[in-house]
Amino acid sequence: MIHRLSTLFLRTLRDDPAEAEVPSHRLLVRAGYIRRAAPGGYTWLPLGMRVLQRVEQIVREEMNAIGAQEVHFPALLPREPYDASGRWTDYGPNLFRLQDRRGVDYLLGPTHEEMFTLLVKDLYSSYKDLPVWLYQIQTKYRDEARPRAGLLRGREFVMKDSYSFDLDDDGLQRSYDAHRAAYVRVFERLGLDVVIVKAMSGAMGGSASEEFLAPCASGEDTFVRCTSCDYRANTEAVRIGVPADGDAAKAPAAKVVDTPNTPTIETLVNLLNSRDDLRRTDAPWAAGDTLKNVVVMLRHPDGRREALAIGVPGDREVDMKRLEALVIPAEVEPFGDGDFASRPALVKGYVGPDVLGAGKPLGIRYLLDPRVVPGSAWATGANKQGQHIVNLVCGRDFTADGVADVAEVRDGDACPMCGAKMRIERGIEMGHVFQLGRKYAEVLGLNVLDEKGKQRVVTMGSYGIGVSRAVAAIAEAAHDELGLRWPRSVAPMDVHVVIAGKPGDDTAPAAEKLAADLAAAGLEVLLDDRAGVSPGVRFKDAELLGMPMIVIAGRGVTNGVLEVRDRIAGTTVEVPIAQAAQHVIAVYA
RNA sequence: CGGGAUGUAGCACAGCUUGGCUAGUGCGCCUGGUUUGGGACCAGGAGGUCGCAGGUUCAAAUCCUGCCAUCCCGACCA
């Protein structure tokens, strides 16, 4: 079909919109694909709609191909199911809540686990009905505290979410694998390079969870990638490479030393290095030789507070996100002055292993960073104001209740699989596959009868793809300084035909003929037939709009040729007019 | 929620410090003409509650107070 630029609802902007920072936002607005309509909400203009629909269609086809079935829920949802799952409150301020005229509570769906679970419960009750995979492509609503980066993080966005329902863990694993494989195909077709990283499965229990990230500087997710093997994980889930056990067991006995005014690691290291009696012969003391014991308060869902101590090498901070991921569903709170006051045995700035551990009088659970291996020696707090202990050897002089891999992750940290260095990168979360387990089925009462006539709780998986976000992610990955460069699979049009001659010459008829031939072959053609627009403007717009192929009917027409530009490869060839249509069609064959 | 910035035409911005005629410039838009291979030119035009409310003043885009909104960084969140 031919789409004429003279009538297309489109206005390109010469200047970048001031509020747009990231490339996708800037270009999608400037090229007339989207317009901001509300904070975190965007209007899709005709060209943008076409991209969105093509992305949707690819997702739909791959979901259908594995046997998933499409349904559609309202965006406006009743409160009751979300009360049952606890998410009416657990979701917090990010949930859009509203009331109807009678004061009845509703919400705008942020995800639809409850609705899918209830739908299956409504209709199915036998193991013979399983497995079943359902999905929808829907607008989701989240009251983000700070929408940003255009389509990348809105308060309203299009998401494909699917849910698998199985009788047992083996079935769940098969459902998970099928979705994971489908996702690989989806992103391949979208032309998006994605990295699959291990993610936390959180409170929902045990099993697998992986994220599909599109590596990108504008991304909000941080992940690590091993430079040697294929280990990848996000920063919550990453496990750190552990050094070999130390040989310090034969080291000098641990010794308490006076270290006045050293409440921080830095002041401690400076003092150790400045004192002749404490200075080390082999190397100066470094922050990494000290053991920092961080105490926090956990607040459990039942309201109980529990103190927890984490020992990490002194050159690292505890990463609160990683810690929260470890202790979920408990929340982490700072250890306040009042908490110190009620435990005089803990001296702020001088906390040491001597008083820590579930078996000690304080009863504070004590977890160690995995790098604190048996036989390693440390300088650490002596639990007295102005005193530290040196040569305190793990395993010989102190033990802990377990391991907590929650220290900050750094570029160059060791891979847990092969020990090589890992790189830190950023990415956009494009998809998430997740073995939900039985949480929702349990609270919402989704049971089926098994072959022995017994009630069994169904186990679920949930799988999401950010559809509107994918449009932005593709734009992030596929653009240059001139504009967008859509992959053929999602481009709003296949070919952009430009009339670049003078009115009344042969260029317009040549372009019209070509456009008609291409359209007859089933291609979507954008024809720049605007009157009174200079060639320079047409070229700039063609490059900005980003169709994968641009054909120019210009001064070459007098010599019987058209100019064919590959916007992706950046190449230009001249093709005889008579063969131009075939040339283009062949690319799409 | 904390920090920073900004709000003037569809877009990008100037004007505000030091209040003063009809609020300006570029792009875009309309009319006419000249142009036509890299965001053309000439002439004429349309388009503004200067974020909102209040205050000071003879006079407010400009000064004061409050509010709102948007953007950026962080916190939070997938």
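Naming: A, B, ... by sequence-line order, numbering from 1 per chain.
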Expected rows: protein N/O vs nucleotides 71-75 of chain B N/O, under 3.5 Å:
from	atom 1	to	atom 2	distance (Å)
B:rC71	O3'	A:E19	O	3.4
B:rC73	OP2	A:R146	NH1	3.4
B:rC73	OP2	A:R146	NH2	3.0
B:rC73	N4	A:R146	NE	3.4
B:rA75	N6	A:R148	NH2	3.4

Tell me what [X] touches on the nucleic acid: a base, only sugar-phosphate, or nothing, going by heavy atoms under 4.0 Å.
{"X": "A:D541", "answer": "base"}
{"X": "A:R30", "answer": "base"}
{"X": "A:P110", "answer": "nothing"}
{"X": "A:R35", "answer": "sugar-phosphate"}
{"X": "A:R565", "answer": "base"}

Using only heavy-atom distances, decide whether a donor-acceptor pair under 3.5 angstrom links the side-chain of A:D221 to the base of B:rA78.
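In this structure, the two groups form a donor-acceptor pair.
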Without decimals, in angstroms, what is the distance between [X] [atom1] and [N] [atom2]?
{"X": "A:R11", "N": "B:rC29", "atom1": "CZ", "atom2": "P", "result": "6 Å"}
{"X": "A:R87", "N": "B:rA78", "atom1": "CZ", "atom2": "C1'", "result": "12 Å"}
{"X": "A:R530", "N": "B:rA40", "atom1": "CZ", "atom2": "P", "result": "11 Å"}
{"X": "A:L45", "N": "B:rG10", "atom1": "CG", "atom2": "C1'", "result": "13 Å"}

Whom does B:rG20 pair with, Watson-Crick or G-U wobble, provided both distances fall under 3.5 Å?
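B:rC58 - that is the nucleotide pairing with B:rG20, both distances being under 3.5 Å.
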Donor-acceptor pair, A:R79 side chain versus A:L107 backbone, under 3.5 Å?
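No.
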